[in-house]
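Below you'll find the structure, written out as structure tokens, and then a few comments.
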Amino acid sequence: MSGKRRVELGPAQETLLIPLYGRAALARQRNALLDDPRAVEMVDALDYDFSRFEGLSSLVGAVLRTRIHDYWAARWLAANPLGTVVELGVGLNTRFERIDNGQARWFELDLPDAMELRREFFADSDRRTSFAGSVLDDKWVDIVAASGGPWYVVAEAVLFFLPETAVRELVVRLGDLLPGAHLAFDTWGQWMADNQNDHDALGPMEARVQWFVDDPATLEGWARGLRLNESVVLPDAPREIFDLLPEPTRSSVRSMRDDPQVSSYRQNLLRFSNAPRWDRETR
Ligand SMILES: C[S@@+](CC[C@H](N)C(=O)[O-])C[C@H]1O[C@@H](n2cnc3c(N)ncnc32)[C@H](O)[C@@H]1O
């Protein structure tokens, strides 16, 4: 007996171990991009063969992605300190630990087996509520809506595991129930459809990307008032973050700008412009 916690997760849920390992690996290297002692603690506590992810080149990209979403969410929190952050498909992410401002309301959701694992490491509090269920369930949206806005919804490396029709229904529902909400998530272009079997981290896993979009601006047509405020590829991460990468990693990421694996992977920040009363003064 190793005394470690066994990991029994469904295929999409198992992918949460990739960014977890990435954050732990960079934290162990004392990489300035991110310090995440909780990720190190969780990797050490889990009975899982993390050696399969060791040295994968996509890990830096996964952490860069996390930091872009930290940056956007922290910027929003600075303008909306009493707002509500909703993290969908939270996995074992430590965003609350990294950017919470001591005042905001947080909701974190993941599928039941992933949430069961998460609850061994993170506790709910008066400002922090976890839900076990699917992003496609109705109940959590109603609870989040009833808690009052403004809302910032982030789904990092989650939505593309769902079919497009399901993502679209979710986005429309969020626009109806969370007026004025910001929505941050990543998208893979068609390139990934033809190449995911060769992706260094995802390829050997069972989960498959199901939703592909080459131009995230087309999502504006999904719901009235939905606007794409920002959309960046990883080498275009905000300078404050990107410059934390040590050389030669920085140059290496920059030089991959035209590599389709990099150019077809976008981080997107959308907003419903059907802003309610409390949100009209803020961006
Ligand atoms: C690649 S992991 C990302 C985890 C986390 N967002 C992070 O960045 O560390 C994908 C996550 O999406 C979750 N997920 C996949 N389908 C989901 C669904 N229908 N409802 C809720 N979560 C889902 C998985 O359980 C997993 O935690």
Side-chain angles (χ1 to χ4, degrees), residues 7-27 34 36 38-40 42-43 46 48 50 53 56 58-73 85-99 106-122 130-141 144 152-171 173-174 183-188 192 196 199-211 234 265 267:
V7 177
E8 287 166 317
L9 294 169
Q13 298 88 308
E14 190 177 358
T15 63
L16 69 85
L17 300 166
I18 305 170
L20 171 71
Y21 180 80
R23 294 196 313 275
L26 264 65
L34 165 120
D36 196 341
R38 294 297 308 276
V40 174
M42 289 185 275
V43 164
L46 295 177
Y48 186 81
F50 284 102
F53 305 139
L56 298 184
S58 65
L59 292 180
V60 168
V63 179
L64 199 48
R65 172 190 75 211
T66 289
R67 298 292 280 124
I68 293 172
H69 288 285
D70 281 0
Y71 178 89
W72 283 343
V85 179
V86 185
E87 178 134 18
L88 304 180
V90 62
L92 292 175
N93 207 321
T94 44
R95 193 167 337 271
F96 178 95
E97 280 67 27
R98 290 193 300 273
I99 66 163
W106 288 72
F107 291 97
E108 296 170 323
L109 170 96
D110 211 310
L111 290 165
D113 51 355
M115 188 47 75
E116 188 185 333
L117 179 62
R118 181 173 177 85
R119 285 177 175 154
E120 296 200 12
F121 298 101
F122 300 94
S130 60
F131 296 121
S134 169
V135 295
L136 306 177
D137 296 344
D138 290 344
K139 203 170 148 211
W140 68 265
V141 198
V144 167
Y152 187 96
V153 181
V154 51
E156 188 188 332
V158 179
L159 300 185
F160 51 61
F161 288 117
L162 301 169
E164 176 169 332
T165 47
V167 180
R168 188 170 176 150
E169 274 171 32
L170 171 67
V171 169
R173 188 167 161 71
L174 293 179
L183 214 51
F185 56 83
D186 40 353
T187 45
W188 275 110
M192 188 59 163
Q196 60 179 319
H199 188 274
D200 65 358
L202 206 55
M205 304 198 85
E206 214 180 305
R208 281 295 169 265
V209 175
Q210 297 193 59
W211 171 46
L234 295 177
Y265 185 46
Q267 310 307 312

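Along the sequence shown, residues are numbered consecutively beginning with 1. These figures come from a predicted structure and were not determined experimentally. Each ligand, and each atom within it, is numbered from 1 in the order the structure gives.
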- [ ] With atom 23 (C) of ligand 1 as the reference point, say which of Leu17, Leu111, Leu92 has the nearest heavy atom.
- [x] Leu111
TODO: May I ask you to check if ligand 1 and Val135 share an N or O to N or O distance below 3.5 Å?
DONE: yes
TODO: Please list, chain by chain and in numerical order, all residues satisfying side-chain contact (heavy atoms from CB on, under 4.5 Å) with Gln196, sequence neighbours excluded.
DONE: Met192, Leu202, Arg208, Val209, Phe212
Open item on the list: If we only consider heavy atoms of Ala166, is any one of them less than 4.0 Å away from an atom in ligand 1?
Closed with: no
Open item on the list: For Val158, give me all partners under side-chain contact (heavy atoms from CB on, under 4.5 Å), at least two apart in sequence or on another chain.
Closed with: Ala155
Open item on the list: With no hydrogens and no angle check, just 3.5 Å: does a side-chain donor-acceptor pair link Arg98 and Asn93?
Closed with: yes
Open item on the list: Using ring centroids (six-membered ring only for Trp), state whether Phe160 and Trp211 fall under 6.0 Å.
Closed with: no
Open item on the list: Between ligand 1 and Glu87, is the shortest N or O to N or O distance under 3.5 Å?
Closed with: no
Open item on the list: Under 4.0 Å, counting heavy atoms only: does Ile18 come that close to any atom of ligand 1?
Closed with: no
TODO: Look up atom CD1 in Ile99 and atom CZ in Arg67, then write down how far apart they are to the nearest 0.5 Å.
DONE: 9.5 Å
TODO: Could you verify whether a donor N or O on one side chain and an acceptor N or O on the other, from Ser130 and Arg119, lie under 3.5 Å apart?
DONE: yes
TODO: For atom 24 (C) of ligand 1, state which one of Leu16, Asp110, Leu117, Leu136 supplies the nearest heavy atom.
DONE: Asp110
Task: Close approach of Arg23 to ligand 1, heavy atoms, under 4.0 angstrom - done: yes
